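All figures in this text were calculated on a predicted structure; none of them were measured in a lab. We're numbering straight along the sequence, starting at 1.
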Amino acid sequence: MEFDPYSDIFFDDPYDLYRELRDDAPVYRNDHYGFWALSRYDDVVSAHRDWQTFTSTHGITIDMLTASNAQAMAQGSIIFMDPPDHDRMRGLVSRVFTPKAVAALEPMIRGLVNHALDALDGPDFDLVADFSAPFPVEVISEILGVPKADRQQIRHWTDALLHREPGNPKPTQAGMEAMLHQVGYLYDLAAEKRRHPTADMFSALIETGLSDVEVAGFGGLLAAAGSETVTKLIGNGVVLFSRNPDEWAKVRDDRSLLVPAVEEILRYWAPSQYQGRWSTAETTWHGVTIPAEQPVLLLTGAANRDERAYPDPDRFDVTRPLKLNVGFGHGIHTCLGAALARLESRIAFDEIANRWPHYQVDESGCRRVHMSNVAGYSNVPVRIAP
């Protein structure tokens with residue numbers, strides 16, 4: 001058995017392999033890349049909760065965790081912090097993403113969704129490239145205060161820096177250049193907001209006393225997470241509903257099912273497949289010991305399909321009872337924008353159902369991304385049925 005997170009199998013469909021891991025190698029060692037992996041639901045949840053043993057301070061992707069200067073590379077961003085620094089930084093922005101604050105954003109989000117859908121023409125179009133890719137970055141950019149003219153460029157930079165070639169854990173040259181461009185742009189934007197504050201998150205963060213570098217780091221993290229996750233979640237859902245028309249009919253006829261439907265998409269095909277951690281102490285799982293000072297992948301994509309946690313886990317069911325879903329991570333590093341991502345996705349499917357109750361996906365034209373720990377589609381061509 002070989003689990004290679006930079007293989008076509010992983011990029012396209014890792015779920016049979018995940019089952020093998022859970023059954024036969026729940027504590028897996030990859031000698032080629034030099035990491036361990038946990039795949040069972042209970043193990044992944046436990047490790048996420050134990051941030052003292054499984055720290056984020058060395059990075060969260062394989063290329064960072066296996067670098068000789070891993071801890072030096074993982075500096076400055078909340079995603080690489082543990083308490084108390086993590087608590088202080090998260091507290092500065094968490095109020096923007098409370099359920100009440102996110103709910104107040106619905107009119108803005110619905111307006112942006114409808115604007116994007118209005119632009120789609122004819123019976124044939126690409127619901128990812130033409131819709132679910134462009135609109136989420138508009139939402140998070142509106143919150144951050146990124147000028148309208150620059151928002152799609154943020155998305156293109158993010159796509160490039162997350163792209164990986166098969167067999168290579170490191171970003172491409174184009175990805176490194178994109179990262180430098182994005183960091184420079186966000187730093188300049190933070191400096192501009194300091195000189196001329198406006199009513200947005202960038203300006204609010206500056207008022208808390210953060211430096212321009214820290215504000216730019218927050219902006220890059222939120223822009224990436226706020227665009228990639230929703231893009232992939234919606235694209236995955238469009239394909240899953242096409243493959244399971246009875247489930248789409250349930251949602252179409254009863255919009256209260258949008259909440260569990262989004263959770264089921266997140267469970268079934270998680271946009272984020274794993275979160276990397278660094279072991280600070282020796283631990284033993286199922287008779288296998290993970291030494292200290294080792295990269296460990298917490299395979300949330302595998303955990304959410306674990307039959308030990310979910311009955312009949314390979315069945316897509318929008319009426320499945322809600323349960324702790326680790327699709328957005330878990331513990332102190334649960335995705336900060338999870339409530340926002342869920343709301344955007346619910347609104348998107350609500351409006352798609354209003355406009356196009358019947359559609360077909362041309363799966364021969366579907367294309368998946370090849371990214372570090374992000375899974376989903378770059379292209380989902382559809383035809384609207386009469």
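Between the side chain of Asn244 and the main chain of Leu240, a donor-acceptor pair closer than 3.5 Å is present. A donor-acceptor pair under 3.5 Å links the side-chain atoms of Arg164 to the main chain of Pro169, judged by distance alone. Remark: side-chain polar atoms of His330 are not paired, donor with acceptor, to backbone N or O of Ala47 under 3.5 angstrom. Looking only at distances, no side-chain donor or acceptor of Ser203 sits under 3.5 Å from a matching main-chain atom of Asp200. Of the possible donor and acceptor atoms, one in the side chain of Asn325 sits under 3.5 Å from a partner among the backbone N and O of Glu263. For the pair Asn114 (side chain) and Arg110 (backbone), a donor-acceptor distance under 3.5 Å is present. A donor-acceptor contact shorter than 3.5 Å is absent between the side chain of Tyr274 and the backbone of Val374. A donor-acceptor pair under 3.5 Å links the side-chain atoms of Asp306 to the main chain of Tyr41, judged by distance alone. Looking at Thr55, its side chain does come within 3.5 Å of a backbone N or O of Thr57 through a donor-acceptor pair. Counting only distance, with no hydrogens or angles, the side chain of Ser56 and the backbone of Phe80 share no donor-acceptor pair below 3.5 Å.
Electrostatic pairing of Arg355 and Asp118 counts as a salt bridge here, judged by a charged N lying under 4.0 Å from a carboxylate O. Salt-bridge formation is not detected for the pair Asp42/Arg40: no Lys NZ or Arg NE/NH1/NH2 atom is positioned less than 4.0 Å from an Asp or Glu carboxylate oxygen. Taking the charged nitrogens against the carboxylate oxygens, Lys232 and Glu228 do have a contact shorter than 4.0 Å, which makes a salt bridge. Between Asp31 and Arg29 there is a salt bridge, since at least one side-chain N of the basic residue sits less than 4.0 Å from a carboxylate O of the acidic one.
Side-chain contact between Thr66 and Pro295: present, with at least one pair of heavy atoms (C-beta onward) separated by less than 4.5 Å. Side-chain contact between Arg383 and Asp362 is absent, with no heavy atoms from C-beta onward closer than 4.5 Å. Under the 4.5 Å side-chain criterion, counting only non-hydrogen atoms from C-beta, Val113 is not in contact with Ile352. Within the 4.5 Å cutoff, side-chain heavy atoms of His86 are placed close to those of Ile78. Counting heavy atoms from C-beta outward, Val326 and Val45 have side chains that approach closer than 4.5 Å. Residues Ile347 and Leu343 form a side-chain contact, since some pair of their non-hydrogen atoms from C-beta on lies under 4.5 Å apart. For the pair Met108 and Leu105, the minimum side-chain heavy-atom distance is below 4.5 Å.
Within a 6.0 Å radius of CD1 in Ile9, no more than 12 heavy atoms belonging to other residues, nucleotides or ligands are found. By the 6.0 Å contact criterion, OH on Tyr33 is enclosed, its count of non-hydrogen atoms from other residues, nucleotides or ligands being greater than 12.
To the nearest 0.5 Å, atom CG of residue Leu233 and atom OG of residue Ser132 are 9.5 Å apart. Taking CD from Glu363 and OG from Ser242, the interatomic distance works out to 6.0 Å, rounded to the nearest 0.5 Å. Atom NZ of Lys193 sits about 12.5 Å away from atom CG of Asp212, to the nearest 0.5 Å.
There is a side-chain donor-acceptor pair under 3.5 Å between Asn354 and Arg255. Between the side chains of Gln275 and His333, no donor-acceptor pair is found at a separation under 3.5 Å. Counted by atom type alone, His358 and Gln360 present zero donor-acceptor pairs between their side chains at under 3.5 Å. For Gln153 and Gln182, the side-chain atoms include no donor-acceptor pair closer than 3.5 Å. Between Thr289 and Thr284, the side chains place a donor N or O and an acceptor N or O closer than 3.5 Å (distance only, hydrogens not considered).
For residues 220-264, the pairs satisfying ring pair (Phe, Tyr, Trp, His ring centres under 6.0 Å) are Phe241-Trp248, Phe241-Phe316, Phe241-Phe349, Trp248-Tyr359, with sequence neighbours left out. Annotation: ring pair (Phe, Tyr, Trp, His ring centres under 6.0 Å) contacts involving residues 361-386, sequence neighbours excluded, comprise Phe11-His370. The list of ring pair (Phe, Tyr, Trp, His ring centres under 6.0 Å) pairs with a residue in residues 112-142, not counting sequence neighbours, reads Phe125-Trp356, Phe131-Phe135.
Members clustered with Leu38: Val27, Trp36, Val44, Phe54, Trp285, Val288, Ile290, Val296, Leu298, by chain and number, using a 4.5 Å side-chain heavy-atom cutoff among hydrophobic residues.
Remark: Lys170 fails to qualify as a cation-pi partner of Tyr6 under the 6.0 Å distance and 45° angle criteria applied to the six-membered ring. Relative to the six-membered ring of Trp269, Arg368 meets both conditions, a distance below 6.0 Å and an angle of at most 45° to the axis.
Applying the salt bridge (charged side-chain N to carboxylate O under 4.0 Å, His left out) test to Arg49 and every residue at least two apart in sequence or in another chain returns nothing. Contacts of Asn30 classified as side chain to side chain donor-acceptor pair (under 3.5 Å), with partners at least two apart in sequence or in another chain: none. Listed by chain and residue number, Glu247 satisfy the salt bridge (charged side-chain N to carboxylate O under 4.0 Å, His left out) test with Lys250 (two or more places apart in sequence, or in another chain). Applying the side chain to side chain donor-acceptor pair (under 3.5 Å) criterion to Ser345, with sequence neighbours excluded, gives no partner residue. For Ser46, there are no side chain to side chain donor-acceptor pair (under 3.5 Å) partners at least two apart in sequence or on another chain. Asp314 pairs by the salt bridge (charged side-chain N to carboxylate O under 4.0 Å, His left out) definition with Arg19, Arg305, not counting sequence neighbours. For Glu142, the side chain to side chain donor-acceptor pair (under 3.5 Å) partners two or more places apart in sequence, or in a different chain, are Arg151. In this view, Glu307 and Arg22 satisfy the salt bridge (charged side-chain N to carboxylate O under 4.0 Å, His left out) rule, not counting sequence neighbours.
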Handout entry: Residue pair Ser372, Thr61: steps toward the side chain to side chain donor-acceptor pair (under 3.5 Å) verdict
Key = CA-CA 7 Å; Ser372 58; Thr61 57; 5.5 Å; no
Practice task
Apply side chain to side chain donor-acceptor pair (under 3.5 Å) to Trp278 and Glu293, showing your working.
Solution key: CA-CA 6 Å; Trp278 183 263; Glu293 307 299 310; 3.2 Å; yes
